[in-house]
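Each remark here refers to the structure printed beneath this line.
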Amino acid sequence: GRDGYVTLIANYQPLQDAYGGPNYFSMDPNALYEIHIDNNGDAKEDLSFQFRFKNQLAGGTGVALPIGDKNVAIPLIQAGPITNPGDANLNLQESYSLTVVRRDRRAGTAQAATHASTGATSFIKPVDNIGVKSIPDYAGYAARHIYTVSIPGCSTPAKVFVGQRQDAFAVNLGTIFDLVNAPVAVITDPALIGALPNTIGDKNVTTLALEVHKGCLTSGDDVIGGWTTASLRQARLLNGSPQSGHHASEKAGGAWVQVSRLGMPLVNEVVIGLKDKDKFNASQPKNDGQFADYVTNPTLPKLLEIALNLPNTSP
């Protein structure tokens with residue numbers, strides 16, 4: 001029943017394990033996470049969805065328990081079972097805002113997406129999957145954090161979800177990056193696809209997901225381009241004597257600096273040279289001509305020949 005909708009997904013913080021406590025995997029409140037859409041083929045963003053996060057202690061100071069004649073703050077994220085958004089047992093609550101920017105991501109028109117029913121501009125993120133005693137029904141709990149939102153300039157409501165998900169990618173990381181530590185006959189045998197367990201099949205990621213009608217994304221045809229970025233402030237100041245509170249030891253300011261970029265799968269990982277990875281992460285698609293040699297003269301085939309002791313097929 002969702003014909004005509006496009007699902008945009010940005011994943012951050014990979015390889016999350018269930019034993020990630022007691023802090024788990026909060027998003028950075030000093031970062032800007034973005035999903036960019038180009039709908040006219042010029043490799044420049046025409047629409048950007050910006051996510052900003054807040055990590056707040058319950059009641060501003062956190063959950064405290066009466067110990068003797070004093071109320072003392074607890075050291076954990078949770079003080080009991082969690083079932084609903086904003087549960088009273090949750091000591092640290094993550095929330096986020098969603099801003100829609102048209103044209104240039106920094107100089108364009110920015111407007112807040114709002115809850116379709118309440119008009120709220122802040123949305124609660126579910127806590128990570130701590131375990132069945134803390135969260136007896138994680139699937140049901142997480143589903144209660146799917147929000148129907150109104151996007152400025154779009155007549156059709158969208159949906160948004162931000163939270164921990166099972167990693168949908170499949171790769172045997174250790175084997176692949178250990179100079180492809182497997183016989184060629186095994187790697188090239190279609191009958192053996194899936195013969196070994198996916199080594200990241202039990203890992204999680206933090207997913208930023210948007211379901212938006214194509215009419216809100218396109219400009220005349222049904223072709224769009226998309227990529228994601230993360231940016232940090234240019235300056236960071238650490239307080240050597242922080243006061244009580246969450247993230248009280250750090251102050252960030254200055255212009256946004258892009259530090260991460262992802263679009264086409266594995267380009268940064270196995271196409272871009274190591275010396276240019278930071279440069280690529282800070283760049284925009286409209287400037288990708290500077291990385292053309294990595295595409296027209298890729299090193300990965302040669303690396304595979306070396307790793308697998310294959311005949312030299314280079315011209």
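What you are looking at is a predicted structure, and each value in this text was computed from that prediction instead of being measured.
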Q. For T228, which residues count as a side chain to side chain contact (heavy atoms under 4.5 Å, CB included) partner, sequence neighbours excluded?
A.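 Side chain to side chain contact (heavy atoms under 4.5 Å, CB included) check on T228 returns A10, Y12, I35, L262.
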**Q.** R144: partners by side chain to side chain contact (heavy atoms under 4.5 Å, CB included), with sequence neighbours left out
**A.** N84, P85, Y141
Check whether the side chains of [X] and [Y] place a donor and an acceptor atom closer than 3.5 Å, and report yes or no.
{"X": "Q290", "Y": "S283", "value": "no"}
{"X": "E34", "Y": "Q50", "value": "yes"}
{"X": "N281", "Y": "Q258", "value": "no"}
{"X": "D28", "Y": "Y33", "value": "no"}

Q. Does NZ in K54 sit with more than 12 non-hydrogen atoms of other residues, nucleotides or ligands closer than 6.0 Å?
A.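 Counting other residues, nucleotides and ligands, NZ of K54 stays at 12 neighbours or fewer.
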Q: Can you establish whether the number of heavy atoms outside K277 located under 6.0 Å from its atom NZ is more than 12?
A: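 Check passes, neighbour count above 12.
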Quick one: does [X]'s side chain have a donor or acceptor within less than 3.5 Å of a partner on [Y]'s backbone?
{"X": "R52", "Y": "P29", "value": "yes"}
{"X": "N11", "Y": "V205", "value": "no"}
{"X": "E94", "Y": "M27", "value": "yes"}

Q: Could you tell me whether F280 and F291 have their ring centroids closer than 6.0 angstrom?
A: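 Centroid distance F280-F291: below 6.0 Å, so yes.
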Side-chain donor/acceptor pairs under 3.5 Å, residues 173-183, sequence neighbours excluded:
residue : atom : partner : partner atom : Å
D178    : OD2  : N181    : ND2          : 3.1

Q) Could you give the distance from NZ (K159) to CD1 (I151), rounded to the nearest 0.5 Å? A) 13.0 Å
